Amino acid sequence: MAEELFRMESICKSFPGVKALDGVSLNVFKGEVLGLVGENGAGKSTLMKILSGVYRADEGDIYIEGKPVVIDSVSKAHSLGISIIMQELNMCGHLSVADNIFIGRAHKKGLFIDDKKMHSEAKKILDDLGINLSTYAMVKSLSVAQQQMVEIAKAISFHSKILVLDEPTATLTEREIDQLFEIIRKLKAKGVGMVYISHRMAELNRICERVTVIRDGQYIGTRNLNEITMDELVNMIVGRSLEDKYPKHVRTIGDVVFEAKNVRRGTKVNADYLYVRKGEILGISGLVGAGRTELMRCIFGADRPDSMELWMDGKPIKIRSVIQAIKSGIGYATEDRKRDGLALGLDVKYNTNMAHLAQLTHFGFVDDRAGDRNAEKYVSLLRTKTPSIHQLCRNLSGGNQQKVVLAKWLCNDVKVLIVDEPTRGIDVGAKYEVYELFNQLSDQGVAIIMISSELPEILGMSDRILVIHQGEINGELDAKTSTQEQILYLAAGYNKLEGKPAPTLSAAN
């Protein structure tokens, strides 16, 4: 039996208006990766922030190697060998890899920084983890996966024996996930104990031995993954069984509502033609970096294209700005909700109404009560977990922040809703609710363009699928008769490599 590394017992934590944790316990052994799962707002991140010194528990005890400890600051957590890598990485892009690893702790020779020693020590850590990066590279030039590896190296530089990874694979490709898991295996071999927070159920079996489930701030149970089925685990997480990941729904698809032709922007976007019909969900698939988001940003007016022709309801429209796109009936729930989708320092009410203010304004004054009613309506409709509509968005869990982003566009009566990775960082129960919401919108005639890196989601929710490769539409597939292999075939550009023409786009009816 492996030796226990740390234990958290009966942890409680309250914030104004909500009890985030109520008697939650877990333990981790040396060289173990413990999965920590639960719906958004269940308290996973709060529990780990207590372990890492960001918050202090109201009640409960923490033991490291059998000895009770008090963790009242991040520096105290570091001194005890505890590090956390958050879902939103905290890097200084204008500094080098070595600078980021030792930020605030630079090696010195007298009054001056010993740059040579710092880079040498950083290289030792990277080499030990099998990370092939130059210590002189600027972090802003690195991919998200590489930045994450630098974060892990930074944690190891603190001689961490306890490591928390919060949704580490949310923005990674399959190849990058394999590289991350190889680093995790090396850390396991060194006796490092890890807590792995994830909504991707399939990953748990690959990297974890046990899984702890919390729901609504309470401890539900801990199970060995080789002794529990995925359906049983999902039932523990949501407190109910999910008969199907994707709600069964027969859509009534109408006429073409939106068309785009000759969308060009540098080497990133080179789309000849796409269309979407009323009540249809058009899936946009492709590898990371293929130009999916760049294409939609051009259509939404967030980026200026070199050329673009657009039609709404058969009439030509001009979109040169986001405001023009909104006035034309287009909404865009962005991939990066924290940077592009929300004003984190403002409340749920403001964020819900920010694209809807014209409808709430009369004679130059905003109707505050109408704004309250509108925000309350969408909190109820989307089942957003918040103490009130006056809660700051930065205090919501990732999944509930995403619901506020969706609410912002839903209340604006859009004709075309673009959703970029709509369920990234959202738990299985909340995903189902979002899918049901998309079905309701399609029933109302809203056309949805859905970008997703999750192939089961693309196949499960789309009517048609466009596959992007190097900025071009490399093929169109019928979601009902297509497979993941067919999507990957087109996404990898094999159509072109083998000299075969891309499948002809169906003519818009």
Side-chain angles (χ1 to χ4, degrees), residues 40 87-89 143-144 167 170-172 199 258 260 263 265 268-269 271 274 276 281-286 288-305 308 319-346 348 350-357 378 382 384 393-394 396-426 430-431 434-435 437-438 441 446-454 457-458 461 466 468 471:
N40 288 109
Q87 186 176 353
E88 279 77 28
L89 301 178
S143 68
V144 173
E167 293 287 350
T171 58
L172 305 189
H199 293 306
F258 176 78
V263 186
R265 187 171 194 266
K268 282 286 187 180
V269 180
L274 68 87
V276 63
I281 298 182
L282 175 66
I284 305 290
S285 189
V288 173
R292 301 168 303 173
T293 296
E294 290 82 357
L295 171 60
M296 291 304 138
R297 283 178 61 87
C298 287
I299 288 172
F300 190 60
D303 292 333
R304 180 63 64 88
M308 182 170 69
I319 293 179
R320 294 187 177 89
S321 69
V322 169
I323 290 178
Q324 285 182 318
I326 294 171
K327 287 181 177 178
S328 297
I330 303 174
Y332 189 175
T334 60
E335 176 183 11
D336 190 337
R337 56 180 172 261
K338 294 203 170 186
R339 187 180 69 180
D340 302 324
L342 294 169
L344 292 173
L346 298 175
V348 171
Y350 183 89
N351 276 278
T352 300
N353 293 321
M354 66 164 61
H356 190 62
L357 289 176
Y378 285 95
L382 301 182
T384 307
C393 279
R394 69 158 55 99
L396 300 181
S397 67
N400 287 301
Q401 288 177 348
Q402 183 73 335
K403 289 182 179 182
V404 176
V405 172
L406 291 172
K408 174 176 66 176
W409 295 114
L410 299 184
C411 69
N412 213 38
D413 297 325
V414 293
K415 295 180 180 179
V416 178
L417 177 61
I418 303 167
V419 287
D420 197 343
E421 303 290 0
T423 62
R424 175 169 289 167
I426 293 182
K431 280 185 178 184
V434 169
Y435 298 148
L437 176 63
F438 287 172
L441 290 172
V446 176
I448 298 173
I449 301 175
M450 182 180 72
I451 304 171
S452 178
S453 298
E454 295 189 26
E457 180 173 80
I458 281 284
M461 287 302 298
L466 297 184
I468 309 294

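Computed from heavy atoms alone, side chains included, the values below leave out hydrogens, waters and symmetry copies. What you are looking at is a predicted structure, and each value in this text was computed from that prediction instead of being measured.
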Side chain to side chain donor-acceptor pair (under 3.5 Å) partners of Tyr435, counting only residues at least two apart: Glu457

Closest non-hydrogen contact found for Pro305 with Asp303 is CD-O, 3.3 Å

Name of the residue among Val263, Ile451, Leu466 meeting side-chain contact (heavy atoms from CB on, under 4.5 Å) with Leu295: Val263

To check you understand the geometry: which heavy-atom pair defines the closest contact between Met308 and Cys298, and what is its length? CE-O, 3.4 Å

Which residues pass the side chain to side chain contact (heavy atoms under 4.5 Å, CB included) test with Arg394, sequence neighbours left out? Leu344, Leu392

Which residues satisfy the side chain to side chain contact (heavy atoms under 4.5 Å, CB included) test with Phe300, sequence neighbours excluded? Val322, Ala325, Ile326, Ile330, Tyr332, Trp409

Nearest 0.5 Å, please: how far is CD1 in Ile448 from CG in Leu437? 7.5 Å

Taking every non-hydrogen atom, the tightest pair across Ser328 and Ile319: OG-CG1, 4.2 Å

Tyr350 atom OH, over 12 foreign heavy atoms within 6.0 Å: no

So, applying side-chain contact (heavy atoms from CB on, under 4.5 Å) with Met450, which one of Ile418, Asp420, Thr423, Ile458 is it? Ile458

Test Arg292 against every option in Ser452, Ser285, Ser453 by the side chain to side chain donor-acceptor pair (under 3.5 Å) rule and name the one that passes. Ser453

Can you list everything that forms a side chain to side chain donor-acceptor pair (under 3.5 Å) with Glu454? Sequence neighbours excluded, please. Lys431

With sequence neighbours excluded, residues passing side chain to side chain donor-acceptor pair (under 3.5 Å) with Thr384: none

Pairwise distance CG(Leu396) to NZ(Lys403) - rounded to 0.5 angstrom: 10.5 Å

Heavy-atom pair of closest approach, residues Leu342 and Cys393: CD2-SG, 4.4 Å

Sequence neighbours excluded, which residues qualify as salt bridge (charged side-chain N to carboxylate O under 4.0 Å, His left out) partners of Lys415? Asp313

Which residues pass the side chain to side chain donor-acceptor pair (under 3.5 Å) test with Asn351, not counting sequence neighbours? none

Distance in Å, Ile284 CD1 paired with Ile449 CD1, rounded so as to fall on 0.5 Å steps: 6.0 Å

Distance in Å, Thr334 OG1 paired with Lys408 NZ, rounded so as to fall on 0.5 Å steps: 6.5 Å

Within 6.0 Å of CD1 in Ile323, more than 12 heavy atoms from elsewhere: no

Under the side chain to side chain contact (heavy atoms under 4.5 Å, CB included) test, which residues partner Glu294, sequence neighbours left out? Lys268, Val269

